[in-house]
Colleague: 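Quick one: this structure, given as structure tokens, is what I'll be asking you about.
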Amino acid sequence: MIHIEHVNKIYKTGDVETAALKDIELTIQDGAFVVILGPSGSGKSTLLNVISGLDTVTSGTITFGDTVLTKLSPEQMTAFRRDHLGFIFQQYNLLQNLTVYENIQIGADLSDNPLPIDELLEQVGLTAARDKYPYQLSGGEQQRVSVARSLAKNPSIVFCDEPTGSLDEDNSKRVLELLERLNKEYDKTVVVITHNTGISEMADDVIKMNSGRIIELTHNPIKRSAR
Ligand code: ADP
Ligand code: ADP
């Protein structure tokens, strides 16, 4: 379970202060599928970045189970991220001189407890592309490789920032289905920033942000009870 208590984030640029997060209170249950919505500049990326330790908070506390993230040193935070957290971004961030298999291997090598790469390739529908290089793949295929890479180290939670932002409708649908499977079959907690309404329909919790605050939190009881 992730607890976010009284979290504030202020960016200072010269004399200008921007309150990107204002007194955020939020609990994310293990195994939940959480979607963060809101207009540009409302604090979505900042929220994802502070929960996942890519950025620090100005004040407040974030705990993951027994670990108080907001008390970890930068080195401890890096280790925690490596061992427990997966990331999927709008940019696929694949290494161009490595094959599909080797890109996924990089994720697996980060972990003592990786998932089998062949199984992941099958899950994302890229078994036949295992020896291809990223430039030989479509955008949708590249994003599926990055999903497999993030899963390979078997993280307990996967953070996604606009994972379908660069994809057409068909490819978005495939990536969405993958995220849903990752949540249901692999039992991963998934936290997604998106403008894609297809994703919010499959969420347990939908968080709406505006001006650095959570303005609405919707829980989907139908999906929960179906588990
Ligand atoms: P969103 O993801 O919803 O578009 P962000 O979290 O990126 O919103 O940004 C929230 C606010 O914080 C915006 O006003 C943005 O300009 C500001 N901001 C974000 N990152 C930084 C930064 N590194 N330095 C200064 N201001 C920032
Ligand atoms: P998105 O909403 O698609 O995540 P943003 O434009 O909000 O994109 O932010 C992209 C990146 O730029 C984020 O990492 C954010 O922290 C950073 N950023 C956003 N606004 C500012 C700003 N005013 N100054 C510096 N960095 C910023």
Side-chain angles (χ1 to χ4, degrees), residues 1-11 18-91 93 107 110 146-147 150-151 153-165 179 182-183 186-196 199-200 202-220:
M1 205 138 79
I2 306 170
H3 283 295
I4 298 152
E5 293 169 275
H6 296 300
V7 163
N8 289 279
K9 175 70 184 182
I10 298 169
Y11 288 111
T18 306
L21 296 177
K22 299 171 190 162
D23 201 28
I24 299 290
E25 297 273 341
L26 182 66
T27 297
I28 297 174
Q29 306 285 344
D30 288 341
F33 195 115
V34 180
V35 166
I36 305 173
L37 304 174
S40 187
S42 59
K44 304 181 298 294
S45 297
T46 305
L47 180 60
L48 199 88
N49 290 346
V50 299
I51 302 176
S52 58
L54 292 171
D55 204 347
T56 55
V57 300
T58 304
S59 62
T61 309
I62 300 174
T63 51
F64 263 66
D66 297 333
T67 308
V68 185
L69 286 199
T70 37
K71 282 193 176 158
L72 298 182
S73 68
E75 294 75 22
Q76 288 170 320
M77 189 61 231
T78 302
F80 185 84
R81 239 185 357 253
R82 186 192 58 220
D83 294 343
H84 300 286
L85 311 183
F87 294 93
I88 300 167
F89 295 104
Q90 180 169 350
Q91 300 81 8
N93 297 324
L110 293 170
S146 76
V147 171
S150 75
L151 256 189
K153 68 176 179 181
N154 209 0
S156 48
I157 173 160
V158 181
F159 294 97
C160 318
D161 194 342
E162 294 285 2
T164 61
L179 291 179
L182 191 152
N183 177 245
Y186 288 87
D187 213 21
K188 305 297 181 199
T189 307
V190 178
V191 181
V192 193
I193 294 177
T194 185
H195 292 292
N196 188 313
I199 301 190
S200 36
M202 52 202 224
D204 295 309
D205 297 298
V206 178
I207 295 165
K208 284 196 187 140
M209 297 195 65
N210 203 351
S211 304
R213 293 185 194 279
I214 294 176
I215 56 163
E216 196 181 319
L217 205 161
T218 318
H219 189 61
N220 183 348

Colleague: How far apart are the closest heavy atoms of Leu110 and Lys153, and which atoms are they?
Modeller: CD1-CD, 4.0 Å

Colleague: Nearest 0.5 Å please: distance from the CG atom of Leu69 over to the NE2 atom of His3.
Modeller: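 Between atom CG of Leu69 and atom NE2 of His3 there are 12.5 Å.
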
Colleague: Which heavy atom of Asn183 sits nearest a heavy atom of Gly31, and at what distance?
Modeller: ND2-O, 3.0 Å

Colleague: Please check if the side chain of Glu25 supplies one atom and the backbone of His6 the other of a donor-acceptor pair under 3.5 Å.
Modeller: yes

Colleague: Among Leu21, Ile215, Leu37, which residue satisfies the side-chain contact (heavy atoms from CB on, under 4.5 Å) criterion with Met209?
Modeller: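 Exactly one pass, corresponding to Leu21.
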
Colleague: Hey, mind stepping through Cys160 and Val190 against side chain to side chain contact (heavy atoms under 4.5 Å, CB included) and telling me if it holds?
Modeller: CA-CA 8 Å; Cys160 318; Val190 178; 4.3 Å; yes

Colleague: Only one of Leu54, Ile36, Ile193 forms a side-chain contact (heavy atoms from CB on, under 4.5 Å) with Asp161, so which one is it?
Modeller: Ile193

Colleague: Name the one of Ile88, Val191, Val147, Val192 that satisfies side-chain contact (heavy atoms from CB on, under 4.5 Å) with Val158?
Modeller: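 Answer to the side-chain contact (heavy atoms from CB on, under 4.5 Å) test with Val158 among Ile88, Val191, Val147, Val192: Ile88.
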
Colleague: NZ of Lys44 to CG of Asn210: how many Å apart, nearest 0.5 Å?
Modeller: 9.5 Å

Colleague: Fit a plane to each ring of Phe159 and Phe87, take the angle between them on a 0 to 90° scale, and name the class: parallel (under 30°), tilted (30 to 60°) or perpendicular (over 60°).
Modeller: parallel

Colleague: Using every non-hydrogen atom in the two residues, find where Ile62 and Thr70 come nearest and quote the distance to one decimal.
Modeller: N-OG1, 3.1 Å

Colleague: Distance check, rounded to the nearest 0.5 Å: Met77 atom CE versus Ser52 atom OG?
Modeller: 7.0 Å

Colleague: Please answer whether the main-chain N or O of Met1 pairs with a side-chain N or O of Asp30 as donor and acceptor at a distance below 3.5 Å.
Modeller: yes

Colleague: Counting distance only, does the side-chain N/O of Asn8 pair as donor-acceptor with the main-chain N or O of Asp23 below 3.5 Å?
Modeller: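 Here the side-chain-to-backbone pair exists.
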
Colleague: Give the minimum heavy-atom separation between Leu72 and Phe80, together with the two atoms involved.
Modeller: CD1-CB, 4.2 Å

Colleague: Show the nearest heavy-atom pair for residues Leu151 and Pro155, with the distance to one decimal.
Modeller: O-CD, 3.6 Å

Colleague: For Lys9, run the side chain to side chain donor-acceptor pair (under 3.5 Å) check against Asp55, Thr18, Thr58 and tell me which one passes.
Modeller: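 The passing option is Asp55.
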
Colleague: Rounded to the nearest 0.5 Å, what's the gap from CD on Glu5 to CD1 on Ile24? Could you check?
Modeller: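 Taking CD in Glu5 and CD1 in Ile24, the distance rounds to 13.0 Å.
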
Colleague: If you look at every heavy atom in Ile51 and Phe64, which pair is closest and at what distance?
Modeller: O-CE1, 3.5 Å

Colleague: Rounded to the nearest 0.5 Å, how far apart are NZ of Lys188 and CG of Leu179?
Modeller: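 Result: 13.5 Å between the selected atoms.
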
Colleague: Step through the shown structure and confirm whether more than 12 heavy atoms of other residues, nucleotides or ligands are within 6.0 Å of NZ on Lys22.
Modeller: yes

Colleague: Hey, what do you get for OG (Ser42) to CD1 (Ile214), rounding to the nearest 0.5 Å?
Modeller: 10.5 Å

